[in-house]
Peer 1: 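Here it is: the structure, laid out below.
Values below: all heavy atoms of this structure, side chains included; hydrogens, waters and symmetry mates excluded. Keep in mind it's a predicted model, so treat the numbers as computed, not measured.
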Amino acid sequence: MANSNLRNSLIIFLAINIACSTELCEAIESPQYRLVHSESNFEIRHYRESVWMAAPADEISFEKATRDGFHRLFQFIQGANLNSSRIYMTKPVLTSIVPGAGPLHSSAYFVKFYLPVKFQADPPLPLPELNLQPDPWTSHCIAVRKFSGFARDSNIVKEAEKLALSLSRSPWANSTASTSEYAYSIAQYNSPFWIIGRVNEVWVDVAGSGASGCESNPVAAY
């Protein structure tokens, strides 16, 4: 039954991604940000305050944690909450990595779903058995590196290291936010069934550049 439910949730996620190939894509909400700085291999974004729903997952594997967390979050948005509210899918699905907090001192994970604007002020309470928790974000800056293909256990660390190297050569060197509990996060924008043109990102919280501050001179708003 669990595998059937997961398969159904992924099929619906696929249908949402197919809609994104048309003008309907604009209807799928994402957290809003301002583009502060952009280079060929990374950019700095300033994200507004927002509320996400988070699914903790004590798995050794990033891929298993993401599947498990997304399945529970999908139940939540399909009505497994105290209001029986149906919630539209948003993007991306974000998996944040907490190093050394999992079993056998492996990484632990939080899989996150951005709540649509309609539910930001008063998020529905998830059913207790789902083990979900609201995750309020303050306004802050994030360094982002895009990568294609599938986000796997075999490549996410390499992509995070490439972002760290880019930051080390920029005004944001040594600016990784010390208050963040996460080493980095992986944002996935497509269903597992989406093969061509996949979009993923590595996110790392940053404190801003020493020269101007992260919020100075935004390039564009999204």
Peer 1: Picking from W52, Y33, Y114, what satisfies ring pair (Phe, Tyr, Trp, His ring centres under 6.0 Å) with W137?
Peer 2: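 So the option named by the test is W52.
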
Peer 1: Taking atom CD of E201 and atom CD1 of I142, what is their separation to the nearest 0.5 Å?
Peer 2: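 Between E201 CD and I142 CD1, I get 9.5 Å after rounding to 0.5 Å.
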
Peer 1: Quick one: are E39 and H37 in side-chain contact, heavy atoms under 4.5 Å?
Peer 2: yes

Peer 1: Answer whether the closest heavy-atom distance between the side chains of P31 and R48 falls below 4.5 Å.
Peer 2: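 No, too far: nothing below the 4.5 Å cut-off.
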
Peer 1: How about F147 and N155: do any of their side-chain heavy atoms sit closer than 4.5 Å?
Peer 2: yes

Peer 1: So, for Y109 and I60, which heavy atoms are closest and what is the spacing to 0.1 Å?
Peer 2: OH-O, 3.3 Å

Peer 1: Is any side-chain heavy atom of L130 closer than 4.5 Å to one of Q75?
Peer 2: yes

Peer 1: Hey, any chance L94 and V117 share a hydrophobic cluster, counting ILVMFWY side chains that come within less than 4.5 Å of each other, even indirectly?
Peer 2: yes

Peer 1: Are the aromatic ring centres of Y47 and W203 under 6.0 angstrom apart?
Peer 2: yes

Peer 1: Side-chain contact test, heavy atoms from C-beta onward, threshold under 4.5 Å: evaluate it for N41 versus R145 and give yes or no.
Peer 2: yes

Peer 1: Which heavy atom of D135 sits nearest to which heavy atom of A54, and what is that distance?
Peer 2: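 What the structure gives for the nearest pair is CB-CB, 4.1 Å.
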
Peer 1: More than 12 heavy atoms of other residues, nucleotides or ligands under 6.0 Å from CZ of R152: is that the case?
Peer 2: yes

Peer 1: State plainly whether one hydrophobic cluster holds both F150 and I196, where clusters connect Ile, Leu, Val, Met, Phe, Trp and Tyr through side-chain heavy atoms under 4.5 angstrom apart.
Peer 2: yes

Peer 1: Once rounded to the nearest 0.5 Å, what's the spacing between atom CD of E29 and atom CE of M89?
Peer 2: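 Answer rounded to 0.5 Å: 12.0 Å.
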
Peer 1: Apply side-chain hydrogen bond (donor to acceptor under 3.5 Å, both in side chains) to R198 and list each qualifying residue two or more places apart in sequence or on a separate chain.
Peer 2: none

Peer 1: Sequence neighbours left out, what passes side-chain hydrogen bond (donor to acceptor under 3.5 Å, both in side chains) with S170? Give chain and number order.
Peer 2: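 Not a single residue meets the side-chain hydrogen bond (donor to acceptor under 3.5 Å, both in side chains) criterion with S170.
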
Peer 1: Does a side-chain heavy-atom distance below 4.5 Å link K112 with S96?
Peer 2: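 In contact.
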
Peer 1: Taking C-beta and beyond as the side chain, do N81 and L127 meet within less than 4.5 Å on heavy atoms?
Peer 2: no

Peer 1: Say whether F119 and F74 are linked into one hydrophobic cluster, either directly or through other cluster members, by side-chain heavy-atom distances under 4.5 angstrom.
Peer 2: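 Cluster IDs for F119 and F74 match.
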
Peer 1: To the closest 0.5 Å, what do you measure between CG (L73) and CZ (F113)?
Peer 2: 7.5 Å

Peer 1: Do the side chains of S185 and I97 get nearer than 4.5 Å, heavy atoms only?
Peer 2: no

Peer 1: When rounded to the nearest 0.5 angstrom, what distance separates OG in S148 from CG in N200?
Peer 2: 7.5 Å

Peer 1: Given I186 and Q188, is the side-chain contact (heavy atoms from CB on, under 4.5 Å) satisfied, shown in steps?
Peer 2: CA-CA 6 Å; I186 301 295; Q188 299 185 70; 4.1 Å; yes

Peer 1: Only counting residues at least two apart or in another chain, list the ones meeting side-chain hydrogen bond (donor to acceptor under 3.5 Å, both in side chains) with S61.
Peer 2: D153

